[in-house]
Number of protein chains: 2
Amino acid sequence: MNIGEVAERAGLPAKTIRYYEDIGLVKPPRDANGYRAFRESDLHKLAFLARARALGFSIEDCRVLVGLYQDDHRASADVKRVAEEHLTRIDEKIAQLQGMRDTLATLVNACHGDNRPDCPILKDLAEGS
Amino acid sequence: MNIGEVAERAGLPAKTIRYYEDIGLVKPPRDANGYRAFRESDLHKLAFLARARALGFSIEDCRVLVGLYQDDHRASADVKRVAEEHLTRIDEKIAQLQGMRDTLATLVNACHGDNRPDCPILKDLAEGS
DNA sequence: CTTTACCTTCCCATGACTGGAACCCCCATA
DNA sequence: TATGGGGGTTCCAGTCATGGGAAGGTAAAG
């Protein structure tokens with residue numbers, strides 16, 4: 001399989017796949033012409049990576065998860081720990097964004113949005129709450 | 001005022017303030033010794049920037065907001081539009097994270113987290129939902 | 001044979017900083 | 001007067017996970 005087909009099937013840009021090879025996440029062999037020759041197992045791993053990335057796991061998390069996936073003697077606790085830590089980080093991020101959102105929504109609501117200069121949004125930014 | 005004091009009072013790292021000067025957000029004059037000599041107005045602007053950044057506005061948004069702030073003839077509608085667009089982006093981000101969070105929470109819940117290898121998290125990543 | 005589509009490597013850019021090296025400047029103390 | 005410490009300065013490189021694009025080799029189609 002060439003990179004184009006793999007990109008299509010794994011749902012990842014070819015650029016990204018090359019990058020994943022660069023950082024050692026996949027190691028496809030090469031054809032005589034220098035083209036990457038992906039095996040089914042490479043495709044499978046890339047699809048795994050695509051899903052993990054879609055859940056927001058960092059590349060380093062992905063590296064760990066792939067390692068665990070390929071380790072028949074893994075403990076599911078190890079997987080769970082990685083996922084829980086990531087979940088915590090996501091929750092923190094959501095809380096932070098929610099805080100911004102609330103403040104911003106209040107300010108936007110308070111702003112007339114007409115052609116006069118008075119603006120509670122700028123007022124808040126200038127003076128602090 | 002030297003950069004250290006401004007950093008303290010604006011709540012921004014000195015490095016960040018130098019960066020803001022680099023990209024033209026502030027233009028403090030210099031003392032004879034080459035030190036930046038911040039005026040009250042610079043401090044004020046940096047505090048404004050700190051608050052805008054804390055609300056998640058991009059640097060380019062900040063540039064626009066500062067411009068509007070300094071324009072006595074601004075229309076509050078222009079400010080409101082910038083804020084509304086940012087609000088929309090935040091909402092999208094929150095929705096995306098919330099989606100990840102829900103999937104991840106379900107998977108974490110389903111995982112025993114013991115020393116056996118069976119793991120619904122890895123199963124999901126490997127096979128897709 | 002030529003076009004077109006694909007593949008290769010390589011380098012640069014993103015956003016918003018952060019870290020560190022190498023150096024200058026000012027004040028206080030031994 | 002030397003020295004030490006705590007400012008300040010510039011410049012370069014790195015972060016994260018790609019994306020863009022150039023320059024060139026290769027394969028498939030007409």
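In what follows, every chain begins at residue 1, and chains take the letters A, B, ... in the order their sequences are listed. Since we're looking at a predicted model, the values are computed, not measured.
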Q | Among dT9(D), dT18(C), dA27(D), the nucleotide that comes nearest once only the side chain of Arg18(B) is considered | A | dT9(D)
(Q) Classify the ring geometry of Tyr69(B) against His44(B): parallel below 30°, tilted from 30° to 60°, perpendicular beyond 60°. (A) parallel
Q: Report the residue (Asn33(A) or Pro13(A)) whose heavy-atom-nearest nucleotide on DNA chain D is the more 5′ of the two.
A: Pro13(A)
Q. Between Glu60(A) (CD) and dT15(D) (C1'), how many Å, whole number?
A. 12 Å
**Q.** Closest to the Tyr19(B) side chain, choosing from dT9(D), dA16(C), dT8(C)
**A.** dA16(C)
Q) Nearest of dT9(D), dA17(D), dT9(C) to any side-chain atom of Ile59(A)? A) dA17(D)
Q.
Please tell me whether Asp114(A) and Ser76(B) have a donor and an acceptor in their side chains that are separated by less than 3.5 angstrom.
A. yes
Q.
Pick the closest DNA chain C nucleotide for Tyr35(B) and for Phe57(B) by heavy atoms, then say which residue is nearer the 5' end.
A. Phe57(B)
Q.
Can you confirm whether Leu43(B) sits close enough to Met1(B) that some side-chain heavy atom of one is under 4.5 Å from a side-chain heavy atom of the other?
A. yes
Q) Expressed in angstrom and rounded to an integer, what is the separation of Arg53(B) atom CZ from dC17(C) atom C1'? A) 9 Å
Q) What's the CD-C1' distance between Glu5(A) and dA5(C), to the nearest Å? A) 15 Å
**Q.** Atom pair distance, as rounded to whole Å: CG in Asp31(A) and C1' in dG25(D)
**A.** 14 Å
Q.
So Ile23(A), base contact, sugar-phosphate only, or nothing? Heavy-atom distance under 4.0 Å.
A. nothing
Q. With a 4.5 Å limit on heavy-atom distance, are the side chains of Asp118(A) and His112(A) in contact?
A. no
Q. Below 4.0 angstrom from OP1 or OP2 of dT26(D), is there any side-chain N or O of Arg36(A)?
A. no
Q. Does Tyr20(B) reach the side chain of Val26(B), with side-chain heavy atoms less than 4.5 Å apart?
A. yes
Q.
Can you identify which nucleotide, out of dT9(C), dT18(D), dA16(C), has its nearest atom closest to the Thr16(A) side chain?
A. dT18(D)
**Q.** Separation of atom CD1 in Ile17(A) from atom C1' in dG19(D), rounded to whole Å
**A.** 14 Å
Q | Residue Lys15(A), side-chain heavy atoms: nucleotide from dG20(D), dT9(C), dT10(D) that is nearest | A | dG20(D)
Q. Once you round it to whole Å, what is the distance between C1' of dC26(C) and CG of Asn2(B)?
A. 11 Å
Q | Presence of Tyr20(B) side-chain N/O under 4.0 Å of dC17(C) phosphate oxygens OP1/OP2 | A | yes
Q) Once you build an axis from the first five pairs and another from the last five of the helix from dC1(C)-dG30(D) to dA30(C)-dT1(D), how far apart in angle are they, to 10 degrees? A) 30°
Q. Do side-chain atoms of His86(A) reach the backbone of Leu104(B) as a donor and acceptor pair under 3.5 angstrom?
A. no
Q | Interatomic distance where CD belongs to Glu21(B) and C1' belongs to dG8(D) [whole Å] | A | 13 Å
(Q) Looking at Thr88(B) and Glu84(B), would you say the former's side chain and the latter's main chain have a donor-acceptor pair under 3.5 Å? (A) yes
**Q.** Ile3(A) CD1 to dG19(D) C1', straight-line distance once rounded to whole Å
**A.** 14 Å
(Q) Between Arg63(A) and Ile23(A) (side chain of the first, backbone of the second, donor and acceptor by atom type, cut-off under 3.5 Å), is there such a pair? (A) yes
